[in-house]
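Working notes, structure below.
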Amino acid sequence: MAVNLYDTAYGLETAIRQSDEYRHLQEAYIEVNKDPQAKQMFDQFRQMQMNLQQKQMMGQNISEQEVQQAQSTVALVQQNQKIAKLMEAEQRMSMVIGELNKIIMKPLEDLYGNM
């Protein structure tokens with residue numbers, strides 16, 4: 001019997017949405033968005049993060065000034081308790097997604113070996 005991988009993937013999506021990790025992330029995100037100051041600070045942080053990632057993907061160098069600015073922004077953002085909680089929840093969710101990705105990629109790893 002053939003397995004429909006897409007049905008399985010949608011089932012995994014549903015399971016993720018029902019997980020404690022996702023629920024905590026969602027609650028933390030809502031709390032940040034309810035606080036205008038925290039939301040503005042978080043939005044600026046995310047924009048800076050996306051700009052740096054875009055530069056990296058385009059092969060551009062990130063200047064020392066940009067690195068220092070990013071570090072000071074992270075330190076400032078983490079002082080806000082709501083944002084710190086959101087970042088912790090994001091990290092936990094990212095770890096879960098990473099572990100799921102390892103499981104999903106296991107058949108290819110078994111086939112091709114550990115590269």
Determine which pairs satisfy salt bridge (charged side-chain N to carboxylate O under 4.0 Å, His left out) with at least one residue from residues 8-19, sequence neighbours left out, and list them in order.
-> Glu13-Arg17
Any donor-acceptor N/O pair, Ser94 side chain to Gln91 backbone, under 3.5 Å | no
Out of curiosity, Ile83 CD1 to Glu90 CD, how far, rounded to the nearest 0.5 Å?
-> 10.5 Å
What distance do His24 atom NE2 and Met93 atom CE have between them, rounded to the nearest 0.5 Å?
-> 11.0 Å
With the side chain counted from C-beta on, respond yes when Ile104 and Leu12 share a heavy-atom pair under 4.5 Å apart, and no when they do not.
-> yes
Side-chain donor-acceptor pair present, Gln47, Asp43, cut-off under 3.5 Å = no
May I ask you to test the Tyr22-Gln18 pair for a side-chain heavy-atom distance under 4.5 Å?
-> no
So does Glu109 pair up with Lys102, basic N to acidic O under 4.0 Å?
-> no
To the nearest 0.5 Å, tell me how far Thr73 OG1 sits from Gln44 CD.
-> 8.5 Å
Apply side chain to side chain contact (heavy atoms under 4.5 Å, CB included) to the pair Val67 and Leu52, showing each step before the final yes or no.
-> CA-CA 9 Å; Val67 170; Leu52 292 177; over 6 Å; no
Is it true that Lys106 and Asp110 make a salt bridge, defined as a side-chain N closer than 4.0 Å to a carboxylate O?
-> yes
Could you tell me whether Lys34 and Glu31 make a salt bridge, using a distance below 4.0 angstrom between a side-chain N and a carboxylate O?
-> yes
For Thr8, what residues pass the side chain to side chain contact (heavy atoms under 4.5 Å, CB included) criterion, not counting sequence neighbours?
-> Val3
Output for pair (Arg46 CZ, Gln53 CD), nearest 0.5 Å, gives 8.0 Å
Identified side-chain contact (heavy atoms from CB on, under 4.5 Å) partner of Glu66 from the options Lys55, Gln71, Met48 = Lys55
Do other residues, nucleotides or ligands put more than 12 heavy atoms under 6.0 Å from the CD atom of Gln81?
-> no
Give a yes or no answer on whether the side chain of Asn101 reaches the backbone of Ile97 with a donor-acceptor pair at less than 3.5 Å.
-> no
